[in-house]
Amino acid sequence: MKNLLFLAITATLASAPSWAGEPLGFEGASPVLDIEVKSAPAVPVGVALLQALGLAFRDNVLQTKFDEEFVNLANHIDSSIGDRALGYLLAVRLYTDEFGIPVVPGGQLISPIGIGREPVRALAEYYRNDQLTVTQPAGLRNSSSYVWVGKKGGKLVVSQMPPGTRDKFERDAAAEARRVSRLAVPIGFDGQRKVIQRSQFWTDVARREVSAIADKERRDEIQKLTESFTQKEREFNAAYGKFQETYQAYRDAQNDLKVLNDASTVLSLIDTGIKVGKLVSSANDQPAKGADGVGPSLQDSKKYLEQKQIELLNAARQATPKVNSLGQELESIEVLINTKYKNESIEVPTFQPLNDNDVKVIRP
């Protein structure tokens, strides 16, 4: 098989770690390997990891290459985690042929997934960022798994997911990815009205992350900013909703006036017995009825719509500064919240920041 690397199983760990299968982590998993990154171990870290996974390369040259690559990866993981209460998820890409011999597509056994507070959230973020997926080779059984690398006492601590839990873990991560992606979208609709819906995202982040901040004052500060954002979002949506209704009424009056100014259309309406008054029948202050007593005259209808159009346009213009001011406040609070989390070295899920197109009205 082209580009497939064959392995031989050399051992199986007698003390396989247990995993409770909870949606957000490898709860209950015991470490299978400690890696001292800053010193030269007696057994190369790549070799040690393969031994922990119960695998060994048939080819010594490939073993050496893998070990060199894993040293670089371990250094990257160590610097990525730093002193934070985070971990790093790795995927073990492994397949078996009809004889039970392990096969590694492309020769890459270990694939970095990413950092996170919990394994499932690391994988969910990987899914959300449209990372390339490995296509399963035809005729091979997927025996892949994941390992979670944490840090304790200056050492990287590796915990292995036992066989049989991969499918559920990946389903949980996919569900989490969909959930966060829905929250991360800044714009939604309430009927025909566009609304900002970002407060749910920041409330969810606070629920998950704020408790990890040691200092109570800084925890309270982020909570207050989150609550302030929610309140300001409500105020913005109320003001923006009123603006949208007013501006839509202006556009409707504009369209109706265009119809009345089209002579051929007016003649067609008259010929078919449709009264001009229907164009303005939804208004509370309709123009007076014409001489025939059944509807307003053409001139009266045009005059009414021209005046209505001006009134609505002025009302939309008057509402614009308030909408834009509230929008700027929303943007500022969001930037501040995100900065606070960064200062605490907390990984916030990927999101599309609010921008002027979301929260600013172009003067009508």
Side-chain angles (χ1 to χ4, degrees), residues 124-125 128-130 177-210 218 220-258 282-283 305-344 346-364:
E125 193 68 6
R128 292 185 63 235
N129 287 309
D130 297 322
R178 291 191 296 271
R179 188 189 71 81
V180 174
S181 291
R182 285 194 297 269
L183 294 179
V185 175
I187 301 298
F189 288 90
D190 179 8
Q192 297 297 315
R193 296 190 310 171
K194 187 171 78 169
V195 296
I196 298 297
Q197 56 182 23
R198 175 51 59 73
S199 62
Q200 298 176 50
F201 175 82
W202 288 119
T203 298
D204 186 70
V205 173
R207 179 176 64 84
R208 291 173 174 271
E209 303 292 353
V210 167
R218 297 202 301 271
D220 292 344
E221 186 178 9
I222 291 180
Q223 287 284 21
K224 288 177 181 177
L225 283 171
T226 304
E227 292 167 5
S228 176
F229 186 93
T230 299
Q231 177 60 34
K232 198 62 62 178
E233 182 182 271
R234 280 196 291 264
E235 294 175 17
F236 173 86
N237 284 335
Y240 190 35
K242 186 175 181 180
F243 167 85
Q244 290 178 87
E245 290 172 358
T246 302
Y247 192 65
Q248 185 57 53
Y250 158 75
R251 295 297 299 272
D252 291 343
Q254 192 178 46
N255 291 334
D256 289 346
L257 186 59
K258 182 179 179 182
S282 62
L305 287 174
E306 287 170 351
Q307 183 61 35
K308 196 69 177 175
Q309 182 179 337
I310 292 172
E311 292 174 359
L312 290 168
L313 181 58
N314 287 336
R317 286 174 172 169
Q318 290 172 7
T320 297
K322 180 178 180 180
V323 173
N324 288 347
S325 176
L326 289 168
Q328 289 175 353
E329 289 184 66
L330 266 183
E331 281 189 89
S332 298
I333 296 172
E334 177 167 89
V335 170
L336 187 55
I337 292 174
N338 195 36
T339 300
K340 294 292 183 183
Y341 280 119
K342 285 183 177 179
N343 291 342
E344 298 295 337
I346 289 176
E347 296 287 322
V348 173
T350 303
F351 68 98
Q352 178 185 332
L354 293 174
N355 56 54
D356 284 352
N357 292 330
D358 301 325
V359 297
K360 187 174 182 180
V361 173
I362 304 301
R363 185 175 178 86

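Because the structure is a prediction, the values reported are computed rather than measured. Sequence positions, counted from 1, serve as the residue numbers for this chain.
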How many angstroms lie between [atom1] in [X] and [atom2] in [Y], if you round to the nearest 0.5 Å?
X      : Y      : atom1 : atom2 : answer
Thr230 : Leu225 : OG1   : CG    : 11.0 Å
Ser199 : Arg234 : OG    : CZ    : 7.5 Å
Thr246 : Asn314 : OG1   : CG    : 11.5 Å
Glu221 : Glu344 : CD    : CD    : 9.0 Å
Phe236 : Leu326 : CZ    : CG    : 7.5 Å
Ile346 : Ile222 : CD1   : CD1   : 6.0 Å

Flag side-chain contact, heavy atom, 4.5 Å: [X] against [Y]:
X      : Y      : result
Lys340 : Arg218 : no
Trp202 : Tyr341 : yes
Ile187 : Ile196 : yes

Results of side chain to side chain donor-acceptor pair (under 3.5 Å) for Asn338 - residues two or more places apart only: none
Can you list everything that forms a side chain to side chain donor-acceptor pair (under 3.5 Å) with Gln223? Sequence neighbours excluded, please. none
For a quick check under 3.5 Å, do Gln254 and Arg251 share a side-chain donor-acceptor pair by atom type? yes
Can you give me every donor-acceptor pair (side chain of residues 347-361, partner residue at least two apart or in another chain, under 3.5 Å) with its distance?
residue, atom, partner, partner atom, Å
Glu347, OE2, Arg84, NH1, 2.8
Thr350, OG1, Glu125, OE2, 2.4
Thr350, OG1, Asn129, OD1, 3.4
Asn355, OD1, Asn357, N, 2.9
Asn355, OD1, Asp358, N, 3.2
Asp358, OD2, Asn355, N, 3.2

What's the shortest heavy-atom distance between Glu334 and Phe229, and which atoms? CB-CE1, 3.8 Å
Could you tell me how the ring of Phe243 sits relative to the ring of Tyr240: parallel (under 30°), tilted (30 to 60°) or perpendicular (over 60°)?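 Parallel.
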For the pair Lys232 and Glu235, find out whether any cationic side-chain nitrogen is under 4.0 Å from an anionic carboxylate oxygen.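 Judged by the 4.0 Å cut-off on N to carboxylate O distance, Lys232 and Glu235 do form a salt bridge.
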Would you call Arg179-Asp204 a salt bridge at under 4.0 Å N-O?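 Looking at Asp204 together with Arg179, the answer is yes, because their closest N to O distance falls below 4.0 Å.
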Short question: side chain of [X], backbone of [Y] - any donor-acceptor pair under 3.5 Å?
X      : Y      : result
Arg198 : Val185 : no
Ser332 : Gln328 : yes
Ser181 : Ala177 : yes

